[in-house]
Amino acid sequence: MRSVQRTTWSWPGRPDPGLLRDVALVCLAGGVVGVSFGAIAVAGGLPVWVPVVMSLVVYAGSAQFSAVGVLLAGGGPVAAAATGLLLNTRTAAFSLAVAEHIGRSRLARLVGAHLVTDETVAFTLAQQDPARRRAAFWVSGIGLFTVWNACVAAGALAGGALGDTARYGLDAAFPAVLVALVLPALREDAGVRRAALAGTVLALALTPAVPAGVPVLAALAGLALHGRAPGKRKEPQS
């Protein structure tokens, strides 16, 4: 009797302990930054519900920080939303990179699209096979979403009690974690190294001249070099 292949979404299996450890470390870093975001927003004069709802609906750290910065500087909601949308355009390319690992059902794609972040994409692409990539996406995505929102709420409730959050160096937590996650790919793939180097140079060159966030988007131009191996000379056949 022929078995019927299931096409509905199902849990991808039990992740390995190493993945859980790495996700836990990133969640810790994300939680610290989330507390900082909630505290900064409320200490700047925004109501507690603003950072909480923004984290649930927008769920994008850099976009949230930028939007709150615009609001606290006196900008209107339209300018804040436009800034957040501009920074979040990079997730369109990220979504394409992990689309096949999210799942096939509409529910899986809808929920998965909301969980796409720099960290979940890095975790997913660092795995060696499709099953592990799918597990990495959902474990990291659900874990980070839960921790981020809980810590933003805690930071918002704490308000100004934390003092100047910039003195703790929290802005360095995420970049350090992301560098650690992408190092294996940089070691193994020359195309990734070329793309990363080109994007880094472009972003650094633009940083003094353009608004914050734009250099990160411009760095995506480095992807044009991915997969373009130097021309090899054809060996003569004997």
Q: For a quick test of reading the model, state the closest non-hydrogen atom pair linking Val58 to His114 and the distance between them.
A: O-CE1, 4.1 Å
Q: Of all the heavy-atom pairs spanning Ser55 and Phe37, show the shortest one and how long it is.
A: OG-CE2, 3.8 Å
Q: Please tell me whether Leu20 and Val147 are part of a single hydrophobic cluster in this structure, the criterion being side-chain heavy atoms less than 4.5 Å apart.
A: no
Q: Nearest heavy-atom pair of Pro51 and Gln64: which atoms, and what distance?
A: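 Closest approach of Pro51 to Gln64, heavy atoms only: O-NE2, 4.5 Å.
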Q: In a check of side chain to side chain contact (heavy atoms under 4.5 Å, CB included) between Phe123 and each of Val139, Leu19, Val98, which one passes?
A: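 Of the listed options, the one satisfying the test is Leu19.
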Q: Cluster question for you: counting only ILVMFWY and a side-chain heavy-atom cut-off of under 4.5 Å, with indirect links fine, are Val33 and Leu115 together?
A: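 In one cluster with Val33: Leu115, yes.
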Q: Please set out all donor-acceptor pairs under 3.5 angstrom arising from side-chain atoms of residues 23-32, sequence neighbours excluded.
A:
none

Q: Does Leu144 reach the side chain of Tyr59, with side-chain heavy atoms less than 4.5 Å apart?
A: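 Counting from C-beta outward, Leu144 and Tyr59 do come under 4.5 Å.
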Q: Considering only heavy atoms from C-beta outward, does the side chain of Ile102 approach that of Trp138 to under 4.5 Å?
A: yes
Q: Do any side-chain atoms of residues 38-50 form donor-acceptor pairs under 3.5 angstrom with protein atoms, and if so which ones, sequence neighbours left out?
A:
none

Q: Who passes side-chain hydrogen bond (donor to acceptor under 3.5 Å, both in side chains) against Thr120, sequence neighbours left out?
A: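 Listed in chain order: Thr117.
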Q: If you link I, L, V, M, F, W and Y whenever their side-chain heavy atoms are under 4.5 Å apart, who else ends up in the same group as Leu110?
A: none
Q: Between Leu206 and Leu204, is there shared hydrophobic-cluster membership here, with clusters defined by ILVMFWY side-chain heavy atoms closer than 4.5 Å?
A: no
Q: Could you tell me which non-hydrogen atom of Ala156 sits nearest to which non-hydrogen atom of Val52, and how far apart they are?
A: CB-CG2, 4.4 Å
Q: Could you tell me which residues satisfy side-chain contact (heavy atoms from CB on, under 4.5 Å) with Arg133, sequence neighbours excluded, listed by chain and number?
A: His101, Thr124, Leu125, Gln127
Q: Are a donor atom and an acceptor atom from the side chains of Glu119 and Ser140 found within less than 3.5 Å of each other?
A: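 There is no such pair between these side chains.
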Q: Can you list, by chain and residue number, the hydrophobic cluster partners of Val201 when the side-chain cut-off is 4.5 Å?
A: Leu197
